[in-house]
Amino acid sequence: MERTRQRLRLMQLASSSLPVGSFTWSQGLEWAVEAGWVINADAFKRWQIQQMEQSFSCVDLPLFMRLFHACEQQDLAKAKRWTAYLLACRETRELREEERNRGAAFTRLIKSWEPECPAEWLPLLMQSQLSGMAWLGVRWGIDARELALGLGYSWIESAVMAGVKLVPFGQQAAQLLIIELSDHFAAGLEHAFLRGDDELGAATPLSAIASARHETQYSRLFRS
C-alpha cells in the first residue's frame, strides 16, 4: 500500500468515529467524578496523566508492540500469550468486558475490510482491539510506532470527551487538555517501547477501585 494511503488508513484508525464503542466507556472516571476525586479540568489532567504513566504506557503500548511483532512473524501462539497477559492486566469485570467488546467490534470491521483474514486468528482478535490493530497494521503495512501514536491519540481524545460530559469542562478546555496530554504522551513514548517483560503491569489502584465501584453506581452514563 502506498505511503499516502497508509497515512489515511492510520487517520481512520485513530478517529473517534471508529465504530468500536469507545465513547461508551469512561474507564472508572464516572465514579471518580461522583466520589469527588476529579472535580475540574486540572484534577482531570492529573488523573489522566496517572493513567497514562502507570497503565497505558506500561501495559497497552509495550504489549501492543509485542502483539505487532507476533503478527509480523505470524506467530499465533505468541499473540495469544500477550493478549491473555493484556486481559489479565484489566483489573475489573468492566475493564475486561470493555476490552473484549471493543475487540469484537473491531473484528467485525476487519472481516468487512479484509475478508481473507485467516480464520484461526479471528477468535483471538475478538478478545482485544489491540490485537486487531496489530494484525491490521501489519496487513496494511503501517509502521508500528506510527500506529502506536494513533492509539495514544485515540485514547487521549476518548478520555477528554468523557471528561467533557462528566466533570464537566468546556470544549476550549478540552482542546487544551488534548494538547497537554499529547505532549506528555509524546515525551514518554520511547521509554514505553523499551520496557522489558519484567516491567509490564499497571499500578493504578484508585482507577481499579473506581471501575469496581462503577459496576454498582446508581446513576451512570457510561458502561465503565
Side-chain angles (χ1 to χ4, degrees), residues 1-30 48 51-52 55-57 59-68 71 79 82-83 86-87 90 94-117 121-166 171 174-175 177-179 181-182 185-186 189 192 211 221-224:
M1 186 180 294
E2 63 172 292
R3 178 68 172 162
T4 300
R5 291 174 63 203
Q6 287 173 341
R7 298 188 77 175
L8 287 169
R9 295 290 189 276
L10 176 59
M11 292 178 196
Q12 182 179 5
L13 294 175
S15 171
S16 59
S17 66
L18 195 70
V20 294
S22 58
F23 64 91
T24 66
W25 308 92
S26 78
Q27 300 186 337
L29 177 64
E30 189 162 21
Q48 210 58 37
Q51 310 313 307
M52 184 187 302
S55 181
F56 194 80
S57 293
V59 174
D60 297 63
L61 284 181
L63 285 177
F64 170 73
M65 297 302 288
R66 286 160 173 78
L67 286 164
F68 192 94
C71 291
W82 290 122
T83 301
L86 174 65
L87 288 168
R90 301 309 192 212
E94 281 192 344
L95 293 176
R96 289 188 292 275
E97 283 185 358
E98 176 183 2
E99 196 67 48
R100 292 190 175 102
N101 287 344
R102 292 177 68 166
F106 193 71
T107 302
R108 288 194 290 271
L109 292 175
I110 290 176
K111 290 168 71 175
S112 173
W113 295 336
E114 296 290 340
E116 296 180 5
C117 177
W121 280 80
L122 291 174
L124 172 66
L125 304 186
M126 292 183 69
Q127 294 295 306
S128 166
Q129 185 183 351
L130 279 188
S131 303
M133 282 282 192
W135 186 89
L136 194 62
V138 172
R139 177 76 170 182
W140 285 353
I142 300 174
D143 179 76
R145 279 173 162 74
E146 290 193 358
L147 191 50
L149 274 176
L151 286 170
Y153 179 80
S154 178
W155 178 80
I156 289 168
E157 186 180 48
S158 293
V160 171
M161 290 303 103
V164 168
K165 297 176 183 177
L166 294 171
Q171 289 294 338
Q175 293 305 312
L177 280 166
I178 288 175
I179 287 176
L181 291 171
S182 294
F185 175 74
L189 191 61
S211 177
L221 298 175
F222 291 82
R223 297 176 68 183
S224 78

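Just so it is clear, the structure is predicted and the values come from calculations on it, not from any experiment.
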For [X] against [Y], the heavy-atom pair lying closest together:
X: L18; Y: L13; value: CD2-O, 3.7 Å
X: L147; Y: G137; value: CD2-CA, 3.8 Å
X: F64; Y: A144; value: CE2-O, 3.6 Å
X: L29; Y: A159; value: CD2-O, 4.3 Å
X: G141; Y: Q6; value: O-NE2, 3.0 Å
X: G150; Y: A14; value: O-CB, 3.7 Å

### Query
Should the pair R90-D60 be classified as a salt bridge under the 4.0 Å nitrogen-to-oxygen rule?
yes
### 4.5 Å side-chain heavy-atom contact, L124 and W135
no
### Side chain to side chain, S131 and W121, heavy atoms closer than 4.5 Å
no
### Query
Of E94, Q51, E98, which meets side chain to side chain donor-acceptor pair (under 3.5 Å) against Q27?
E98
Using only atom types and a distance under 3.5 Å, with no angle test, would you say the side chain of [X] pairs donor to acceptor with the backbone of [Y]?
X: S15; Y: M11; value: no
X: R66; Y: P62; value: yes
X: S128; Y: T83; value: no

So how far is it from [X] [atom1] to [Y] [atom2], rounded to the nearest 0.5 Å?
X: W82; Y: L87; atom1: CH2; atom2: CG; value: 13.5 Å
X: L177; Y: Q171; atom1: CG; atom2: CD; value: 11.0 Å
X: Q127; Y: L125; atom1: CD; atom2: CG; value: 10.0 Å
X: I142; Y: R9; atom1: CD1; atom2: CZ; value: 8.5 Å

### Message
Using 30° and 60° as the class boundaries, would you call the ring planes of W113 and W140 parallel, tilted or perpendicular?
### Response
tilted
